[in-house]
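To start, the structure under review is shown below, and the notes come after it.
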Amino acid sequence: MQKDAKCQLIDLGGADVVAEGSIASTDPITMVHCRPLGRNAVKVWIELVIVPDAEIWRPTSGLTCMDDCFGVPIAWPMEKIIIKSK
């Protein structure tokens, strides 16, 4: 996945698009909210929230649902990312 590529985030338990953003990193050692990103994950900047109450993959004390993540980088499973074509 190319850095800055636009993407859609798919619901963790389904097939609906819950947000859109841009790829920040796929490097497993990149830090996301004080934790390494890890393998098979993507660091994504959230630019559009579609389902505000959608659960996020790695909740923190300040981030529990997608509505909390607008303008914030979060980790998301690689298999739940769709790269948008230009």
Compare all side-chain heavy atoms of [X] with those of [Y] and state whether any distance is below 4.5 angstrom.
{"X": "T64", "Y": "E55", "value": "no"}
{"X": "K3", "Y": "S25", "value": "no"}
{"X": "P28", "Y": "L37", "value": "no"}
{"X": "P73", "Y": "V44", "value": "no"}
{"X": "V72", "Y": "L63", "value": "yes"}
{"X": "L9", "Y": "V18", "value": "yes"}

So, taking the atom named [atom1] in [X] and the one named [atom2] in [Y], what distance separates them when rounded to the nearest 0.5 Å?
{"X": "C7", "Y": "I82", "atom1": "SG", "atom2": "CD1", "answer": "9.5 Å"}
{"X": "E79", "Y": "L12", "atom1": "CD", "atom2": "CG", "answer": "9.0 Å"}
{"X": "I46", "Y": "I56", "atom1": "CD1", "atom2": "CD1", "answer": "9.0 Å"}
{"X": "I74", "Y": "D68", "atom1": "CD1", "atom2": "CG", "answer": "10.0 Å"}
{"X": "S85", "Y": "K6", "atom1": "OG", "atom2": "NZ", "answer": "13.5 Å"}

| Residues K84, E20: salt bridge by 4.0 Å N-O rule |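 Looking at E20 together with K84, the answer is yes, because their closest N to O distance falls below 4.0 Å.
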State, to 0.1 Å, how close [X] and [Y] come at their nearest heavy-atom pair, and which atoms those are.
{"X": "A75", "Y": "R58", "value": "CB-NH1, 3.8 Å"}
{"X": "I23", "Y": "V42", "value": "CD1-CG1, 3.3 Å"}
{"X": "P52", "Y": "C65", "value": "O-SG, 3.5 Å"}
{"X": "A19", "Y": "M66", "value": "CB-SD, 3.7 Å"}
{"X": "K43", "Y": "M31", "value": "NZ-O, 3.3 Å"}

| message | According to a hydrophobic-cluster definition based on side-chain heavy atoms being under 4.5 Å apart (Ile, Leu, Val, Met, Phe, Trp, Tyr only), do V32 and W45 belong together? | response |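 No: no chain of side-chain contacts under 4.5 Å links V32 to W45.
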| request: Find out if a path of hydrophobic residues (ILVMFWY) with successive side-chain heavy-atom gaps under 4.5 Å connects W76 to V49. | output: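 In one cluster: yes.
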| field | Check against side chain to side chain contact (heavy atoms under 4.5 Å, CB included), V51 and D11 | value | CA-CA 9 Å; V51 181; D11 183 31; over 6 Å; no
